[in-house]
Amino acid sequence: DVKVTQSSRYLVKRTGEKVFLECVQDMDHENMFWYRQDPGLGLRLIYFSYDVKMKEKGDIPEGYSVSREKKERFSLILESASTNQTSMYLCASIPGRATDGNTIYFGEGSWLTVV
Amino acid sequence: AQSVSQHNHHVILSEAASLELGCNYSYGGTVNLFWYVQYPGQHLQLLLKYFSGDPLVKGIKGFEAEFIKSKFSFNLRKPSVQWSDTAEYFCAVNSGKFYFGSGTKLNVKP
């Protein structure tokens, strides 16, 4: 079974703090994603990486950055957390090329509250 | 930019009613299309997917979806819903990046 692991399930951070959300997948997938899920807005893509050290912005990259130094690990960084970044963050991975018909695998999610 | 539109934000049905949830996407190239379901308090689960071949795809739990390329649509259907289908449903498109719609909440009254 594919496993996508998000190390932090529940976090409470203060406004202005730097926050790291870590994600590791164990199936050698090329593509990894970070989403945030908010009620009524669905899953919105923050950043996407298709290879080590490669990244692309999604729909809502402002206030976030990412790091992919190793294939299995994709980190989301909130440079200076703000209350509007309180959300559920989902990491995901997918093998191969975009149109191979592969499905996406999600982590358990990280609930971040910024106070 | 790629977008995925789900027309219905909240649908309420009685058991045994038929269901159709709309999904349209804006990307013109080759895409893979998916429907996911999220039951209350649970994670996203794959219902069905389309990537080539027969545009009518069948998924789990009696769901099906039809890909109509000319309409950029991938609507989800079920002939007779059950109370246990109460959940939020997400359409998704993979065109290189994996995009999700905003979701449709389905409440099925027993």
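All figures in this text were calculated on a predicted structure; none of them were measured in a lab. Numbers restart at 1 for each chain; the letters A, B, ... are given by sequence-line order, proteins then strands.
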Item to complete: Would you name the heavy atoms of A/Gly40 and B/Ser102 that are closest together and state the gap between them?
Response: O-CB, 3.8 Å
Worksheet item: Is the number of heavy atoms from other residues, nucleotides or ligands within 6.0 Å of CZ (A/Arg9) greater than 12?
Response: yes
Discussion item. Heavy-atom count check: over 12 atoms from other residues, nucleotides or ligands less than 6.0 Å from B/Lys105 NZ?
Written reply: no
Worksheet entry | Contacting region of B/Phe90 [heavy-atom separation from chain A under 4.5 Å] | side chain
Worksheet item: Are B/Leu76 and B/Trp83 grouped together when hydrophobic residues (ILVMFWY) are joined by side-chain heavy atoms under 4.5 angstrom apart?
Response: no
Worksheet entry | Pair A/Ile104-B/Phe34, side chain to side chain contact (heavy atoms under 4.5 Å, CB included): steps then yes or no | CA-CA 10 Å; A/Ile104 196 167; B/Phe34 304 80; over 6 Å; no
Item to complete: Mind telling me whether B/Phe100 and A/Phe106 have parallel, tilted or perpendicular rings, with 30° and 60° as the class edges?
Response: tilted
Discussion item. Check for me, please, whether B/Val108 and B/Ile60 land in the same ILVMFWY cluster - side-chain distances under 4.5 Å, paths through other members count.
Written reply: yes
Worksheet item: Does one hydrophobic cluster hold both B/Trp35 and A/Ile94, with members joined at side-chain heavy-atom distances below 4.5 Å?
Response: yes
Discussion item. Given heavy-atom pairs under 4.5 angstrom as the criterion, report whether the side chain, backbone, both or neither of B/Gln6 touches chain A.
Written reply: neither
Practice prompt. Give, as side chain, backbone, both or neither, the part of B/Tyr50 having an atom under 4.5 angstrom from any heavy atom of chain A.
Written response: neither
Worksheet entry | Single-linkage hydrophobic cluster, 4.5 Å side-chain cutoff, B/Leu21 and B/Val81 together | yes
Worksheet item: Which answer fits B/His43, side chain, backbone, both or neither, if we ask what part of it has an atom under 4.5 Å from a heavy atom of chain A?
Response: side chain
Discussion item. Which residues end up grouped with A/Ile77 if you chain together Ile, Leu, Val, Met, Phe, Trp and Tyr wherever their side-chain heavy atoms are less than 4.5 Å apart?
Written reply: A/Phe20
Fill in: Atom pair CG/CZ of B/Asn94 and A/Phe33 - distance to nearest 0.5 Å
6.0 Å
Fill in: chain B contact residues among residues 43-54 of chain A, heavy-atom distance under 4.5 Å
A/Leu43, A/Leu45, A/Phe48
Worksheet item: Rounded to the nearest 0.5 Å, how far apart are CG of A/Asp59 and NZ of B/Lys97?
Response: 7.5 Å
Worksheet item: Which atoms of A/Glu108 come close to chain B, meaning under 4.5 Å heavy atom to heavy atom: side chain ones, backbone ones, both, or neither?
Response: both
Discussion item. Are A/Trp34 and A/Val24 linked, directly or through intermediate hydrophobic residues, by side-chain heavy-atom contacts shorter than 4.5 Å (ILVMFWY only)?
Written reply: no
Worksheet entry | Max heavy-atom pair count under 4.5 Å with chain B, selected residue of A/Ala92, A/Gly58, A/Gly42, A/Pro39 | A/Gly42
